[in-house]
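Written out below as structure tokens is the structure these notes cover.
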Number of protein chains: 2
Amino acid sequence: MATEQPRAFQSVWTRPRAGREQPALSREQIVAEALRLLDEEGIDALSMRKLGGRLGAGATSLYRHVANKDELIELAVDEIYGEIEVSASPDPANWRTDMTRCAHSLRATILRHPWLASVLGELGMSYLGTNWMRVSEAMLNLLTTARFPAAEADRALSTLVAYVTGMATSEAAWLNVLARSGQDEQTAVERLWPAAEEAAQDHPLLRESYSDQRGTDPRAAREEGFQYGLDRVLDGLETRLK
Amino acid sequence: MATEQPRAFQSVWTRPRAGREQPALSREQIVAEALRLLDEEGIDALSMRKLGGRLGAGATSLYRHVANKDELIELAVDEIYGEIEVSASPDPANWRTDMTRCAHSLRATILRHPWLASVLGELGMSYLGTNWMRVSEAMLNLLTTARFPAAEADRALSTLVAYVTGMATSEAAWLNVLARSGQDEQTAVERLWPAAEEAAQDHPLLRESYSDQRGTDPRAAREEGFQYGLDRVLDGLETRLK
DNA sequence: GCCAGCTGCGCACACCGTACGCTGGGCGCT
DNA sequence: AGCGCCCAGCGTACGGTGTGCGCAGCTGGC
């Protein structure tokens with residue numbers, strides 16, 4: 001801090017305090033603040049400078065704790081995976097409801113942090129993150145105790161995960177669009193309507209499907225659509241049981 | 001090309017030719033070149049300057065034909081969707097094989113252009129692109145002629161699409177990692193092995209699943225895994241038929 | 001022959017990720 | 001007690017990025 005600006009009246013009050021006034025700067029702190037920034041303003045707003053600023057630090061200070069921006073994001077993502085709940089009920093016969101709850105938890109987590117959608121495709125799944133491994137192991141356990149053929153449990157798992165992430169990703173992308181436009185979901189749908197109708201002009205089935213959904217609560221429709229697909233996937237998996 | 005340096009000796013030979021020597025610059029041309037660049041070097045390599053350079057034009061010239069980079073990407077994505085084949089066999093009873101072929105075509109398209117994965121999450125699905133609409137309509141047609149309950153066909157469609165994109169996205173992300181590291185898939189897996197094994201130390205089921213896959217051809221395993229999940233999803237959908 | 005309109009371009013701005021080398025405080029050793 | 005090392009944090013700088021703006025020159029219509 002010894003560098004001198006043309007600052008006029010340097011005094012005890014303007015001069016930075018000696019010593020580390022904050023508990024310094026830690027990887028956990030950085031990731032936590034990054035998450036706050038991401039949740040508030042989305043993926044585009046995350047820059048090393050802004051993040052450093054929020055922590056009362058310079059941009060390049062962060063590099064002492066994190067190799068680069070990509071690694072920071074990887075850490076943030078796995079931190080989020082920590083929010084996913086996988087609870088196994090005592091009776092393995094309840095595997096369907098367990099899996100259902102788990103799938104909803106995964107979806108809800110993604111929708112709570114829609115910026116995830118933008119990075120999942122560049123990251124795969126950061127398969128080796130500790131929190132994700134915890135989730136996979138728990139779900140794998142759920143499936144095997146439900147007497148899923150041992151060699152199949154992992155494939156069943158990735159089937160379900162693919163469905164949930166695929167669905168939630170496209171929902172999250174839509175939420176991102178909403179957030180950027182600042183509109184309410186209901187009114188955004190209404191505004192998109194004419195464009196959609198025109199685009200679907202030569203496609204009778206699509207047009208009918210659209211007009212059937214007109215007026216329904218879009219959020220509820222998303223939820224119901226998710227549940228429908230989830231039920232189908234679980235139906236499909238169930239055929240392999242026993 | 002016609003671009004001018006700080007020229008010393010202006011002459012007929014250095015002076016830009018009169019008239020448009022190229023068919024100028026069109027949106028189609030721009031999108032086509034963008035696709036070439038994306039396929040060759042991935043999403044990070046796509047910059048307006050580089051793209052302009054490849055077309056013998058300045059970066060900002062592109063903005064005459066495209067509103068901004070995001071719109072350009074949207075166009076590129078829908079262009080890619082044009083590669084998806086949806087063929088309906090004459091007999092509606094074959095809906096499963098039709099859907100299977102279609103799902104494989106979608107997956108193959110994504111894997112042929114792995115940069116798609118990075119972008120799908122920010123785009124949703126660019127639902128209104130003409131090519132995507134063509135694909136949806138065709139698949140919807142396939143499902144309804146297979147006697148799917150009319151109100152359900154669209155939900156069935158999005159279930160299947162969610163599964164396929166979810167699966168293919170995570171595969172594509174892996175392919176992106178591979179491409180960046182320049183390694184062969186087989187050797188990359190082998191190199192990742194120790195890290196994976198250590199990360200899975202406290203997770204017996206994961207560890208077993210890993211070691212079961214050791215030595216198998218990873219590419220074939222991906223294909224088989226995809227087919228497995230696809231069969232399950234179709235099983236699940238089939239329960240709703242009739 | 002002239003004029004309008006449009007295309008492409010150069011420049012500029014604000015911002016990005018991050019390599020590098022300095023500084024100054026805290027800690028452990030002598 | 002004194003010294004020296006280590007290392008967190010910072011300032012600066014470099015080579016990029018997307019894109020707004022206003023100019024120049026060609027082209028087609030009169």
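Because only heavy atoms are used, hydrogens play no part in the values below, and waters and symmetry mates are left out as well, while side chains stay in. Computed from a prediction, not measured in an experiment: that's the story for all the values here. Per chain, numbering begins at 1; letters A, B, ... match sequence-line order.
Between B/Y81 and B/W132, the two ring planes are tilted [angle within 30° to 60°].
Mapping A/D44 and B/A59 onto DNA chain C by nearest heavy atom places B/A59 at the nucleotide closer to the 5' end.
At a cut-off of 3.5 Å, with distance as the only test, a side-chain donor of A/S170 or B/Y127 sits close to an acceptor on the other residue. In summary, the side chains of B/W115 and B/D39 do present a donor paired with an acceptor at a separation below 3.5 Å, with no hydrogens or angles considered. Under 3.5 Å, the side chains of A/H65 and A/Q29 contain no donor-acceptor pair of N or O atoms.
Rounding to whole angstrom units, CG of residue A/N68 and C1' of C/dG17 are separated by 9 Å. Rounded to an integer number of Å, the gap from A/L25 CG to D/dC10 P is 8 Å. Atom CZ in B/R27 sits about 17 Å away from atom C1' in C/dG8, given to the nearest Å. Rounded to a whole Å, the CG atom of A/L72 is 15 Å from the C1' atom of C/dC16.
A heavy-atom distance below 4.5 Å is not found between the side chains of A/V86 and A/E137.
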Taking only nitrogen or oxygen atoms into account, show me every contact under 3.5 Å that the protein makes with nucleotides 14-17 of chain D, one pair per line with its distance.
unit_1: D/dT17; atom_1: OP1; unit_2: B/S47; atom_2: OG; d: 3.0
unit_1: D/dT17; atom_1: O4; unit_2: B/R49; atom_2: NH2; d: 3.3

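Residues of residues 30-38 of chain A having a heavy atom closer than 4.0 Å to DNA chain D: none are found. Of the residues in residues 60-67 of chain A, A/T60, A/Y63, A/R64 come within less than 4.0 Å of DNA chain C through at least one heavy atom, sorted by number.
Salt bridge annotation for B/R54-B/E41: present, with a cationic side-chain nitrogen under 4.0 angstrom from a carboxylate oxygen. The pair B/R36-B/E33 meets the salt-bridge criterion, since a charged nitrogen lies less than 4.0 angstrom from a carboxylate oxygen. Looking at B/R180 and A/E122, no side-chain N of the basic residue comes within less than 4.0 Å of a carboxylate O on the acidic one, giving no salt bridge.
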Steps toward salt bridge (charged side-chain N to carboxylate O under 4.0 Å, His left out) verdict (B/E223, B/R107): CA-CA 10 Å; B/E223 232 125 71; B/R107 169 173 176 264; 3.5 Å; yes

Stepwise salt bridge (charged side-chain N to carboxylate O under 4.0 Å, His left out) check, A/R222 with A/E185: CA-CA 11 Å; A/R222 282 194 284 112; A/E185 179 161 11; 2.9 Å; yes

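Summarising the geometry of A/A168 relative to A/L111, their closest heavy-atom pair is O-CD2, 3.8 Å, with the distance given to 0.1 Å.
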